[in-house]
Every structure is written in C-alpha cells, then in structure tokens.
J.: 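Please read through the structure below; I'll follow up with questions.
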Amino acid sequence: MKFRCERDALVEALQTAGRAVSGRGTVTAATNGVRIEARGNQLAVVGTDLDLTVHVELAAVGLDDGVCVAPARLAADIVRALEPGAVTVEGGADEVEISAARSRFVVRTYAVEEFPVLPEAPAAQVWLAPAGLADALRQVVRAASTDDARPLLTGVLVSAEPEGIRLVATDSYRLAWRDLPGSASLPVGSEQILVPARALVELQRLLASSAKEGAGRAAATPGHSDAGSGEPGDAGAERAGSGEEGAAPDGVTPGDDGGTSAGDGGGAPIGLSIGELDATFWVGGVRLTTRLLDGRFPDYRQLVPPAYPNSVRIAKAGLIDALRRVRLLVRDNTTPVRLTMHPDGVDLSVVSQEVGQASESLDASATGEEVTIAFNPSYLIEGVEAAVGDDVVLEVVDATKPATVRSPDHDDYRYLLMPVRVS
Amino acid sequence: MRLVIATCEVVYEGRLSARLPRAKRLLLVKADGSLSVHADDRAYKPLNWMSPPCTTEAYPDRWVVRNAKGETLTVGIDEIHLDVAHDLGFEPGLEKDGAEVGLQGLLADHPEAIEPGLVLVSREHETGIGPVDLLCHAPDGTFVAVEIKRRGEVDGVEQLTRYLELLAGDNRLRPLRGVLAAQKVTPQARRLAAGRGIGWVEVDYDRLRGLEPAIPTLF
C-alpha cells in the first residue's frame with residue numbers, strides 16, 4: 001500500500017476515525033488500531049471499538065493499492081507533527097512508513113486480519129437537514145446520562161412523531177426533547193431507536209466540522225467516488241431512498257454537497273440508515289455506525305405536568321450570567337440555587353453552609369403566585385442555554401414537581417427539570 | 001465519654017497562637033484523653049482540639065491539655081452548665097454499606113430484583129471450590145446461580161464460570177444458568193458474560209434498601 005495525501009486532510013481523517021478507537025485494554029489491532037486502505041485514488045480510514053465505528057473516505061494520490069492497520073493515536077500524532085504539505089504513507093507487512101519533507105517515521109503495524117471485520121453499511125434510508133439536526137443534538141444530548149450503571153439513559157431516543165423526528169434524552173434529573181418539524185420520518189419498523197449519546201457527540205463534531213469546511217471535502221464525497229455503495233449520492237442509495245420514508249425532504253438533494261439546503265441551513269443532507277442492531281449516519285465523506293441500545297426508554301410524556309399555574313419570562317443571557325455568578329459558591333452537586341418568582345421578577349440565591357451565600361435579583365415578567373423553587377444550578381444553566389431566542393420561559397407547578405424551560409416563541413424544544421427539595 | 005457544656009475561653013499555644021473568646025460551648029473529653037471544643041454548628045468539626053496522646057491538668061477555673069510536643073490547649077472555665085460522663089463500652093467500628101455481604105442479604109430477600117419471578121433456593125450454595133452467593137429457581141424451571149459483586153468485573157465472570165462448570169455435574173440442578181449481579185458491571189465483564197451465555201444485572205443498592213435517592217429524580 002502506498003499513497004500520497006495532504007497532511008491536513010490525512011490528520012483529520014486519522015483523528016476522526018481514531019475517536020472511535022477505545023485505546024483501552026490489551027493492545028490489539030481492534031483496541032488500538034486504525035485501518036487504512038488505499039484503492040485507486042481513494043483512501044478509507046476506519047476506527048472502531050465495535051460499539052462505534054467511524055469510516056472516513058478521502059481523496060489521495062494512490063500509488064499502490066493495499067491495507068494496513070496502524071496504531072491510531074501514534075499515526076495521528078506523527079502526521080499532525082509533520083511539515084505542512086504532502087505526506088507519503090507506505091505500508092508493508094509489519095510496518096508503515098510515514099514521510100514528508102525530510103521527516104521519516106517507520107512504525108510497527110498490527111496484523112490486518114486481527115482488525116474486526118465490519119459489516120457493509122446498508123443504503124441510507126432517511127435524509128436529514130444538517131443545521132436542524134446539529135441544533136437538536138446541541139439541545140438534547142447534554143441531558144443524557146453519563147452513568148454506565150443506567151445504560152438506557154446513556155442513549156438518546158430518536159422517534160418518529162406525526163410532525164417529524166423527535167429527540168429525547170434524560171439522566172433522570174432532567175429531560176430534554178426537541179422536535180424536528182418537517183423532517184423525514186424514520187423507516188417503518190424503526191420508529192423508535194435508542195442511539196448512544198457518545199455516538200451523537202461524535203456526530204455533533206462531524207456536523208460542526210462539516211459546516212466549517214463547507215464543500216471542502218467535495219473530492220471525497222461518496223457521491224463522487226467509486227467506493228462502497230448505498231451512500232449519499234450513490235445511485236443505489238437514491239434508489240433505496242425511493243418511497244415515502246426514504247425520500248429526501250424538500251430542498252434536499254442527496255449527495256449534492258454543493259450547499260443545497262434543507263430549508264434551515266446550509267450543507268449536504270445527513271444520511272441515516274437503521275438496522276436491527278445499529279444505525280449509520282453519513283456526514284460528507286464520513287460514515288458513523290453505532291450499535292443501538294436495546295431497552296425501553298422511560299415514558300417521558302407522563303412526566304410533563306398538564307398545566308403550569310406559574311411562569312416567568314426572563315432575558316436568557318441575564319439569567320445565565322446571574323446563575324453562573326451565584327454558582328460560584330456551589331462546591332458540590334447537592335447545593336441548589338433557589339429561585340423565588342414574584343410579580344416583579346426572580347430572586348436567585350445560593351446558600352452554602354461551608355462557603356457562604358450569594359443572591360441576585362432579575363427583572364422578569366411573571367404570572368401566577370409567588371413561588372420558591374430550587375434547582376441544581378448547572379442543570380438549569382444547561383437547559384436555559386439550549387433554548388433558542390433572547391428570552392426564556394420557566395414554568396412551574398410548585399416546589400416539588402418538574403418545571404419546564406422553553407423558548408417563548410418555539411414549541412419544538414422543552415427541558416424538564418426536577419427541583420431539589422429544600423427546607 | 002465526658003460531655004461538658006460550659007461558658008469558657010480557649011487558648012491554643014503551639015505552632016501558632018489561637019484564641020476562642022468567651023462563649024458557651026460543648027467540651028468533649030474522650031477516654032483516649034483527647035479534648036475537643038465544639039460550637040453549635042460545623043457538624044462534626046470542632047473549633048479546636050488536642051489529639052491523643054495528651055495529658056490534662058484540671059484546676060477549678062481551667063483545664064490545661066498538653067501533648068508530647070508541648071502544645072497546650074487551655075480552657076478557662078467561667079461556668080459549667082452540664083457535666084455528664086458515660087461509659088460507651090466497646091466500639092464495633094464502622095460497617096461500610098454497599099459491601100457484598102449486605103448486597104447478598106438484600107438480594108436474598110428480594111431475588112425478583114435480579115429477575116422477575118426468581119425464587120431463592122439457598123444462600124451460599126456450596127460448589128466444591130467455594131460457595132456461589134445465591135441459588136435461585138426461575139419461573140421457567142431453570143436453576144440460576146447468582147454471583148454477587150459490588151462491582152462486576154471480569155474476575156467475577158471467571159469465578160461464576162468455574163462455579164457453573166462444577167454445578168453442571170449436579171443432576172438435580174438442571175437446567176442451570178448463571179447471572180452476575182452487581183451495582184455496576186463493567187463493559188468488559190458484560191462482553192465476557194455474554195460470550196459465555198452468562199447473564200448480568202445491575203442492581204440499585206439504595207432502592208433495595210428502600211432509600212429515596214439523595215437528589216429527587218423525574219422517575
């Protein structure tokens with residue numbers, strides 16, 4: 001195997017694929033390696049920990065077809081450290097040579113046959129607008145649990161609703177959901193899937209990176225390549241996309257990476273296919289496959305109180321700044337911030353037995369009775385940050401029932417937050 | 001244990017000098033000779049103290065507590081409001097919650113927390129190389145050997161595998177399967193267990209004990 005590639009493109013591919021590599025446990029091709037395959041002028045870089053697989057396609061000058069499995073982190077570190085410009089990579093049976101300008105590295109490789117054999121990704125079934133999806137992920141993924149003891153809650157529920165796709169995540173203390181009105185529906189038989197939040201964090205990264213690059217990866221977009229099948233832009237994928245649930249949403253042209261928008265922002269559409277055990281997302285030249293979580297997500301709808309007698313509309317930035325200030329006295333995650341909602345506004349206070357106390361008053365428009373309620377300040381900040389617009393609405397039943405944070409003008413995002421009991 | 005509530009002034013002299021002005025305080029004199037001075041706040045933390053070994057010289061108007069380094073804590077006593085002593089006897093020490101033995105007892109009482117319908121057959125069921133924590137009977141007629149760990153790791157799966165191999169020789173326990181139960185099961189242990197046909201379950205210790213979570217949750 002031998003190819004030549006621009007340093008920046010190669011280092012990004014190695015880093016992107018390498019994020020799926022666990023790097024833990026016994027050092028093997030599966031746990032520490034990234035598979036690099038040159039075929040013609042196309043390069044495929046793949047990293048996996050079997051739960052998450054990232055497959056990056058990029059253009060290169062192919063000199064000799066072949067495959068090697070290189071140590072993921074080391075290869076990325078080496079390429080990143082090279083002088084800008086062309087990098088030549090030549091893989092042999094036991095080692096790979098990476099060279100650029102006057103630098104030359106020879107690194108031992110893993111046996112190719114020890115790298116896991118990964119299934120071929122199926123054709124994309126659904127196309128999603130990247131900007132809407134990026135926003136939704138930003139708003140929802142943060143509410144997923146990071147506690148492996150409750151594995152179901154480490155996932156984000158992606159469900160088909162009449163109005164479009166809905167994303168829901170909860171760590172049991174708070175719950176965020178976001179609707180993507182007008183988005184394509186999920187395939188029949190996969191109306192509800194539970195996607196690990198870790199995979200969606202990587203998807204967020206890819207979307208952010210893709211948005212920055214714009215059409216910079218045009219040469220590597222599968223629609224213009226001969227590698228694989230069933231990817232965005234691939235004729236097979238478009239055929240597979242026929243039918244209601246597979247049709248691209250209005251304004252979206254699968255495989256068109258020239259900036260055709262889905263109506264809410266720029267960028268090529270995001271492909272999604274859902275299998276029995278896993279789901280695959282396509283972002284530009286990157287394919288991200290994640291194992292799905294198996295289990296019943298909590299019935300979140302019953303958690304939403306039918307009505308809120310008390311609410312306050314408040315400037316979002318001012319509230320976040322004030323919460324961050326009073327949070328300075330919080331030394332553990334059990335010290336809450338108290339909010340007293342009254343007709344003239346909201347009073348915030350934190351009382352920390354060990355440290356001291358802080359208080360601040362904010363102007364706001366409140367309805368209902370005066371009520372004092374306490375929250376984990378970090379959770380409240382995250383919910384307020386995720387709301388769209390200049391103002392945010394906090395809706396409260398009483399000091400013990402879940403409160404809601406939402407945007408006053410957008411109904412598609414809700415953040416349910418459990419209050420902390422205080423004496 | 002002697003408890004004295006007194007209006008007092010306390011002066012420490014050693015690496016530095018520190019003084020507690022006159023106020024009403026609790027003085028704890030323990031059997032080990034230590035003295036600690038408490039106010040009615042700060043939870044368990046004393047305002048000042050002298051750790052053992054130390055000696056106390058008691059005068060009508062003051063106590064002088066001195067340690068081997070020559071540091072002194074002098075308590076000037078204005079008025080004593082309470083002075084009681086009680087022999088607390090032997091201290092058995094702290095039993096840490098969450099230990100496997102506690103978890104085993106709770107799961108023995110609530111085997112349904114491992115799997116719905118599970119019924120306990122015996123605790124500490126002998127296998128020949130050591131006892132498996134619980135032997136249960138499932139509604140489908142299978143016997144279930146349950147190994148309980150606070151943290152379920154690969155070692156726990158290995159241990160249960162050995163038990164199952166030995167228990168498989170007992171005709172009375174057929175069909176038989178195994179479950180690793182722990183407060184947390186590592187991903188490696190999950191995979192190893194799945195590869196060997198062994199089940200695993202994570203159990204909520206607080207919920208088993210009937211405790212509310214420290215921070216309220218949505219569900």
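Order of the sequence lines fixes the chain letters, A, B, ..., with proteins taken first and strands second; residue numbering starts at 1 for each chain. The basis for the numbers below is simple: all heavy atoms, side chains too, and nothing from hydrogens, waters or symmetry mates.
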J.: Assess whether atom CG of D299(A) is packed by more than 12 heavy atoms of other residues, nucleotides or ligands within 6.0 Å.
T.: yes
J.: Any idea which heavy atoms bring R191(B) and D51(A) closest together, and the distance?
T.: NH2-OD2, 3.0 Å
J.: Give me the one residue out of P402(A), P298(A), S172(A) that meets side-chain contact (heavy atoms from CB on, under 4.5 Å) with L218(B).
T.: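 It is P402(A); the other options fail the test.
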J.: Let me know if R151(B) has heavy atoms under 4.5 Å from chain A in its side chain, its backbone, both or neither.
T.: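 Contact with chain A involves no heavy atom of R151(B) at all.
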J.: Would you say that T217(B) contacts M418(A) through its side chain, given a criterion of any heavy-atom pair below 4.5 Å between the two side chains?
T.: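 The answer is no; the side chains never approach within 4.5 Å.
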J.: Would one find more than 12 heavy atoms of other residues, nucleotides or ligands at under 6.0 Å from atom CZ of R73(A)?
T.: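 No, because the 6.0 Å sphere around CZ of R73(A) holds 12 heavy atoms or fewer from other groups.
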J.: Hey, what do you get for CZ (F219(B)) to CG (L175(A)), rounding to the nearest 0.5 Å?
T.: 7.0 Å
J.: Under 4.5 Å heavy-atom distance to chain B, tell me which part of P336(A) shows up: side chain, backbone, both or neither.
T.: neither
J.: Quick check on R177(B): does its CZ atom have over 12 non-hydrogen neighbours (other residues, nucleotides or ligands) under 6.0 Å away?
T.: yes
J.: Does any heavy atom of chain B fall under 4.5 Å from the side chain of T170(A), the backbone, both, or neither of them?
T.: side chain
J.: At a 4.5 Å cut-off on heavy atoms, which part of L303(A) comes close to chain B: side chain, backbone, both, or neither?
T.: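 For L303(A), the side chain is the part near chain B, not the backbone.
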J.: Around atom CD of E369(A), are there more than 12 heavy atoms of other residues, nucleotides or ligands at under 6.0 Å?
T.: no
J.: Around atom CG of D204(B), are there more than 12 heavy atoms from other residues, nucleotides or ligands closer than 6.0 Å?
T.: yes
J.: Does E112(B), at its CD atom, have more than 12 non-hydrogen atoms belonging to other residues, nucleotides or ligands within less than 6.0 Å?
T.: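 It does: E112(B) CD has more than 12 such atoms within range.
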